[in-house]
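Data block below; observations after.
Remember, predicted model here, so these are calculated numbers, not experimental data. Proteins get letters first, then strands, A, B, ... in listed order; numbering begins at 1 in each. Note that these values count all heavy atoms, side chains included, but never hydrogens, waters or copies made by symmetry.
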Amino acid sequence: MTGGPAREDALALRGIVKSYGSTRALRGVDLTLQPGAIQALIGPNGSGKSTLVKCLAGDLRPDRGEVLLGGVGRPGFASPTQARSAGVSVVHQDPECFEELSVADNIVIARPPRRGVGPWSVRDRAATVAVASRVLRRVGADIDPRERLRNLSLADRTLVAICRAIVEDVRFLVLDEPTAALGRDDAERVYRVCHAVREAGAGVLVVTHRLHEVVTHASRVTALRDGAIHADLSAESSSVEELVGLVADARSGRKEVVGVSPRDRAVVVSTHELDGDGYEGPVDVQLRAGEVTTVAGLPGSGANHFVRQLCGVAARARGEVRISHPDAQGAMGFVGESRRDEGVFPDMSVLDNMVIAAIDGPSWLPIRRRRLDARARQVAEQLGIVTASLDAPISSLSGGNQQKALIGRWVVADISVLGLEEPTNGLDVGAREDVYRAVGDLVGANKAVVARCTDEQEAAQLGDVILVFTEGRLVASLPGDATPGAVLEVSTPIVTHRRGMNES
Amino acid sequence: MRVRVEHAFVPVTLLVLIVALSITTDTFLTTRNITNVLTQMAILGIVAFGVTIVMVGGAFDLSIGSQTALHGVVSAVVMVETGSIWLGVGAALLSGLTFGLVNGLIVGGLAINPFIATLGTLVLARGLALTVSDGKVVSGLPAGLAEFGRGDLFGLPWTVVLLIGCFLVASYILHVTPLGLRLFAVGGSAKAARLAGIKVSRVQMAAFMVSGLFAAVAGLALTARVRSGQPLSGELLELYAIAAAVLGGTSLYGGRGAVWRTAVGVALITVIQNGLNLLNVASELQMIVIGTVFIVAALSETLQDRGLRFTRRKVGVVTGPSELVLAPDRGLRDSDPDDRPGTGPERVTPADDCAPGSGAAAHELGQEPVQPRK
Ligand SMILES: Nc1ncnc2c1ncn2[C@@H]1O[C@H](COP(=O)(O)OP(=O)(O)OP(=O)(O)O)[C@@H](O)[C@H]1O
Ligand SMILES: [Mg+2]
């Protein structure tokens with residue numbers, strides 16, 4: 001039991017209370033991490049998981065309660081540095097990285113290897129690369145340590161952040177949604193690291209919304225709800241369904257399956273011999289009104305490049321994208337995979353973030369706020385955005401709720417084509433259904449949606465048409481009733497080679 | 001609206017200062033002195049409102065100080081040549097818009113870093129001002145201008161009316177129009193703004209044009225007040241304007257700020273100067289005090305930010321004001337044409353607008369290191 005007496009070498013939180021202004025994020029949480037074990041932390045969006053992680057990291061100071069380590073109690077770590085030197089290493093949700101530095105420098109940033117004595121020592125670049133390569137190998141990531149970080153995909157960045165956390169010896173490793181942006185293989189890599197760390201005698205805490213990971217890898221699981229411990233049980237003996245119940249029934253009756261009610265299915269966007277970096281063309285596909293087109297493919301398959309070019313976000317090498325819509329200009333919306341860089345305006349209110357793309361009319365005349373605000377509030381309600389106030393800055397929302405607000409932005413803007421990358425990235429199971437329903441509403445209103453989904457489950461569930469990319473090629477276009485298994489089968493390289501092109 | 005604690009220092013200091021000055025001097029809380037303070041605020045305030053708009057959009061405008069000189073001189077030359085005040089006004093506004101457009105094209109269109117770009121146009125504008133005026137003070141303006149410079153509307157001097165007008169216009173642009181909201185978005189994250197369908201360079205261009213226009217209004221106010229075109233006026237004005245904006249809580253990285261808060265920053269700077277004058281503090285000492293105040297204000301924000309570090313990720317204000325107080329030794333005095341020995345065609349006697357009080361106080365007011373005033 002988590003609340004039980006802490007072992008000498010355990011890391012324990014006792015009665016942690018933390019508020020942000022009037023929002024009570026944690027209301028007295030007890031949690032014990034045992035060395036040599038993987039523990040999972042689950043809970044709906046906004047239940048306080050990241051806040052708890054920040055308290056462990058020394059990033060936040062709890063209002064009340066204490067952190068016990070090696071039998072010593074203290075009112076929370078004073079700083080991340082203190083937590084780190086106590087052996088507690090943390091990878092935050094959407095980890096901060098140094099864009100302009102190399103991968104190797106990012107990994108060793110806390111303590112760069114040096115050469116020479118005392119004040120005369122200088123940075124040792126060769127050692128930096130050597131150390132970084134070693135850690136990257138340990139993680140099993142195929143990343144060049146000399147590459148600039150800004151050239152990396154979100155998945156690779158996450159792996160780099162994990163490398164940074166384990167580059168020095170850790171007693172406790174804490175990962176906040178490390179797999180949210182990762183495909184199956186990379187997620188497996190992360191868990192291999194977790195097991196290696198566990199076998200070395202350290203404790204691991206993993207926050208995740210992917211409940212099957214919990215059942216497969218963790219030994220204990222703690223569920224948070226509304227800032228308090230809701231359940232604490234052995235993960236080995238629990239089932240995914242049981243865990244879904246722990247996370248999802250906090251929400252009231254939001255679990256209906258997507259009801260797609262297709263309309264005229266006219267072609268809205270078509271690509272003509274599209275070809276670009278990251279995949280081999282020519283690709284000719286069509287997006288239809290009232291349909292969801294999902295683009296499946298493992299990271300590196302080219303699916304992400306294709307979707308970005310299709311949405312006009314990345315430059316295309318050859319070919320063209322035709323939008324056959326009466327008011328084509330500005331008819332396309334896009335929600336990128338990185339909320340922080342490409343989505344939110346952190347200091348603006350949730351409401352402002354949601355109406356920003358919908359504002360029309362002359363730049364110099366007053367915004368007609370009333371209609372827009374009413375619409376945004378309505379959409380926020382539909383999507384189930386949880387916040388004390390829509391006038392609060394969006395940065396005060398939990399990750400999942402920020403994601404909903406970003407999708408809501410385009411619902412408010414009433415665009416005719418919406419591009420999504422990993423639409424349920426970081427969402428709890430209940431919120432995922434909210435987003436699926438929002439997508440359902442969009443196509444119900446005769447919009448076209450294209451979504452890149454690394455998760456084959458999602459690709460199959462959401463898509464009316466499923467495009468599958470493998471190793472830089474469009475290998476299949478499956479109908480909406482294809483099973484996740486079928487999607488996975490064509491997207492796995494070896495199988496594809498044997499079967500050749502399924503369909504064009 | 002919730003007031004954020006971290007921005008409380010400057011307004012609270014201002015209030016404390018006003019109360020303290022009202023108690024310790026019997027000259028502060030008089031209609032005359034208040035009008036005087038407002039007049040002194042005008043130039044700095046107008047320019048600071050413009051730069052706030054640019055800064056919220058994530059850019060900088062360092063050229064506004066020399067721009068006030070340029071547009072002021074342009075108006076003076078046109079007035080002298082044509083004899084028409086209104087043509088002069090039109091010329092200044094046009095010159096402001098054009099210069100703003102140039103800034104905007106360089107920063108928004110060519111994607112050159114605004115700091116270095118407007119540092120370039122800062123020098124350029126000064127050179128243009130000296131060229132247009134032939135390196136001399138432009139005098140011999142129409143007589144009507146003197147009346148305008150002295151006149152008032154419902155008891156408020158015209159410069160104060162302009163200040164209030166600019167405050168309202170800037171607030172309207174930043175907090176009411178689509179342009180304003182888009183500026184917040186662009187300043188918050190240019191990449192996200194682009195993906196949200198905002199034409200980033202166009203928005204920044206508009207902000208620079210507004211800032212140029214405001215610099216033109218400031219230049220006109222200055223010309224009217226001193227009844228001449230001063231090619232060397234407005235030096236360091238840009239730094240004080242940025243300092244005022246940052247004191248009020250505008251982020252140096254963009255995406256955060258409010259016109260009324262900049263107004264509070266401007267008021268704080270001006271009231272401190274006015275108070276020191278009323279207390280007969282020597283002008284050298286005044287500079288030391290004001291420089292210190294900037295740093296203390298910056299420090300208080302830093303400390304509060306550390307305290308509140310947990311609730312906010314970005315700490316935009318932290319490095320702010322202390323960086324900006326680059327030349328406290330020169331003060332604002334250089335920007336006051338009245339104080340430039342030998343440059344003013346007709347030195348205005350300070351006695352007619354200073355607070356009632358001792359002759360010494362009146363003298364100090366004439367010497368004070370504040371914005372150009374009549
Ligand atoms: N900086 C902040 N300022 C104000 N409120 C905040 C801030 N950060 C989080 N909150 C609030 O605290 C609560 C807990 O948020 P937290 O980020 O810990 O949730 P979470 O469980 O990690 O959710 P998710 O699964 O979506 O990441 C939420 O109600 C959130 O709105
Ligand atoms: Mg979280």
Side-chain angles (χ1 to χ4, degrees), chain A residues 18-23 51 54-55 59-63 79 96 311-313 329-336 338-349 352-353 355-369 372 389 391-396 406 409-410 413 415 419, chain B residues 1-7 56-58 169 171-199 202-207 209-210 213 249-251 253-258 306-317:
Chain A
K18 178 71 201 174
S19 302
Y20 299 100
S22 57
T23 312
T51 307
K54 285 177 195 159
C55 289
D59 193 10
L60 280 184
R61 202 111 201 225
D63 299 336
S79 68
E96 310 247 15
C311 296
V313 178
Q329 281 311 313
M332 209 154 184
F334 180 74
V335 180
S338 170
R339 279 192 289 275
R340 164 162 331 146
D341 294 341
E342 304 177 328
V344 299
F345 305 111
D347 291 323
M348 280 167 47
S349 70
D352 284 350
N353 265 282
V355 302
I356 186 78
I359 296 169
D360 49 7
S363 284
W364 304 94
L365 293 181
I367 304 175
R368 275 193 252 123
R369 284 307 292 246
L372 283 176
S389 154
D391 295 317
I394 196 166
S395 51
S396 71
L406 290 182
R409 176 185 290 171
W410 296 111
I415 35 75
Chain B
M1 193 180 76
R2 238 184 26 197
V3 177
R4 293 164 88 165
V5 205
E6 68 254 47
H7 296 311
V56 164
V169 170
S171 302
Y172 170 80
I173 292 175
L174 199 55
H175 305 299
V176 180
T177 64
L179 176 64
L181 193 57
R182 289 184 184 132
L183 277 164
F184 278 100
V186 168
S189 167
K191 200 169 170 192
R194 204 163 290 123
L195 288 178
I198 296 171
K199 299 186 181 76
R202 243 200 253 175
V203 167
Q204 282 192 333
M205 225 176 291
M209 287 174 75
V210 170
L213 202 61
T250 304
S251 167
Y253 302 105
R256 189 151 21 100
R306 282 208 192 116
L308 296 174
R309 175 169 65 95
F310 314 127
T311 54
R312 290 190 317 143
R313 271 253 166 90
K314 257 168 87 178
V315 278
V317 251

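Side-chain contact between A/Leu60 and A/Tyr20: present, with at least one pair of heavy atoms (C-beta onward) separated by less than 4.5 Å. The side-chain heavy atoms of A/Trp364 and B/Leu179, taken from C-beta on, include a pair separated by under 4.5 Å.
Looking at B/Val210, the atoms closer than 4.5 Å to chain A (heavy atoms on both sides) all sit in the side chain, from C-beta outward. Heavy-atom distances place the backbone of A/Val344, and not its side chain, under 4.5 Å from chain B.
With A/Arg409 contributing its side chain and A/Gly333 its backbone, the two residues share no donor-acceptor pair below 3.5 Å.
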Give every donor-acceptor pair under 3.5 Å between a side-chain atom in residues 181-191 of chain B and any protein atom, sequence neighbours left out.
| residue | atom | partner | partner atom | Å |
| --- | --- | --- | --- | --- |
| B/Arg182 | NH2 | A/Ile359 | O | 3.2 |
| B/Ser189 | OG | A/Asp341 | O | 3.4 |
| B/Ser189 | OG | B/Ala192 | N | 3.2 |

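Partners of A/Arg369 under the side-chain hydrogen bond (donor to acceptor under 3.5 Å, both in side chains) rule, at least two apart in sequence or in another chain, are A/Asp352, A/Asp373.
When the candidates B/Ala193, B/Ala206, B/Gly197, B/Gly180 are compared by the number of heavy-atom contacts under 4.5 Å with chain A, B/Ala193 comes out ahead. The residue among A/Ala413, A/Ala357, A/Ser389, A/Pro366 with the most heavy atom pairs within less than 4.5 Å of chain B is A/Pro366. Between chain B and the options A/Asn353, A/Ile367, A/Asp360, the largest number of non-hydrogen pairs under 4.5 Å is found for A/Ile367.
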